[in-house]
Amino acid sequence: MAIKSLSIRIDEQMLHKLHVVADYEGRSANSQILILIRDCIQNYEEKHGEIPLK
């Protein structure tokens with residue numbers, strides 16, 4: 001599986017809070033975001049079924 005980059009715009013306060021949460025969890029901000037995305041997809045698929053891959 002290829003690793004892709006994604007750029008987002010985020011305000012300074014939200015970025016600061018993300019870093020605080022990530023530090024608390026012992027993760028980088030990037031790892032924390034990946035976990036949030038994974039959890040979001042998992043919740044969606046539990047309600048709506050598996051998302052087919054391209």
Side-chain angles (χ1 to χ4, degrees):
M1 176 187 336
I3 302 295
K4 302 277 187 165
S5 292
L6 174 67
S7 175
I8 64 168
R9 289 183 284 282
I10 183 170
D11 69 60
E12 192 173 328
Q13 288 181 342
M14 188 178 292
L15 181 59
H16 169 72
K17 290 179 181 187
L18 172 64
H19 279 279
V20 170
V21 172
D23 288 345
Y24 177 80
E25 296 290 335
R27 300 184 181 107
S28 67
N30 187 75
S31 293
Q32 188 68 32
I33 290 168
L34 290 175
I35 287 170
L36 293 169
I37 292 169
R38 183 199 64 201
D39 291 350
C40 176
I41 292 169
Q42 183 177 357
N43 289 337
Y44 178 92
E45 289 184 327
E46 286 174 2
K47 292 178 186 175
H48 303 284
E50 188 173 343
I51 300 169
L53 300 178
K54 267 175 114 176

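All figures in this text were calculated on a predicted structure; none of them were measured in a lab.
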Are Val21 and Ile37 grouped together when hydrophobic residues (ILVMFWY) are joined by side-chain heavy atoms under 4.5 angstrom apart?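 No.
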Shared ILVMFWY cluster between Met14 and Ile33, side chains joined below 4.5 angstrom?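 Both belong to a single hydrophobic cluster.
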If you round to the nearest 0.5 Å, how far is CG of Leu15 from CD of Glu12?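 That separation rounds to 8.0 Å.
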Could you measure the distance from the OG atom of Ser28 to the CG atom of Leu34? Nearest 0.5 Å is fine.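 Ser28 atom OG to Leu34 atom CG measures 7.5 Å (nearest 0.5 Å).
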Listed partners of [X] passing side chain to side chain contact (heavy atoms under 4.5 Å, CB included), at least two apart:
| X | value |
| --- | --- |
| Gln42 | Asp39, Glu46 |
| Leu6 | Ile8 |
| Gln13 | Asp11 |

Which pairs pass salt bridge (Lys or Arg N to Asp or Glu O under 4.0 Å) with one or both residues in residues 17-33, sequence neighbours excluded?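 Found Glu25-Arg27.
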What are the two closest non-hydrogen atoms of Gln32 and Leu18, and how far apart are they?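 Nearest pair, atom of Gln32 first, then Leu18: CG-CD1, 3.9 Å.
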Can you sort out the partners of His16 under ring-ring contact (aromatic ring centres under 6.0 Å, His included), two or more places apart, ordered by chain and number?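 Checked His16 against ring-ring contact (aromatic ring centres under 6.0 Å, His included); zero matches.
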Any ring-ring contact (aromatic ring centres under 6.0 Å, His included) involving residues 28-54? Give me the pairs, sequence neighbours left out, ordered by first then second residue.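 Every pair satisfying ring-ring contact (aromatic ring centres under 6.0 Å, His included) with a residue in residues 28-54: Tyr44-His48.
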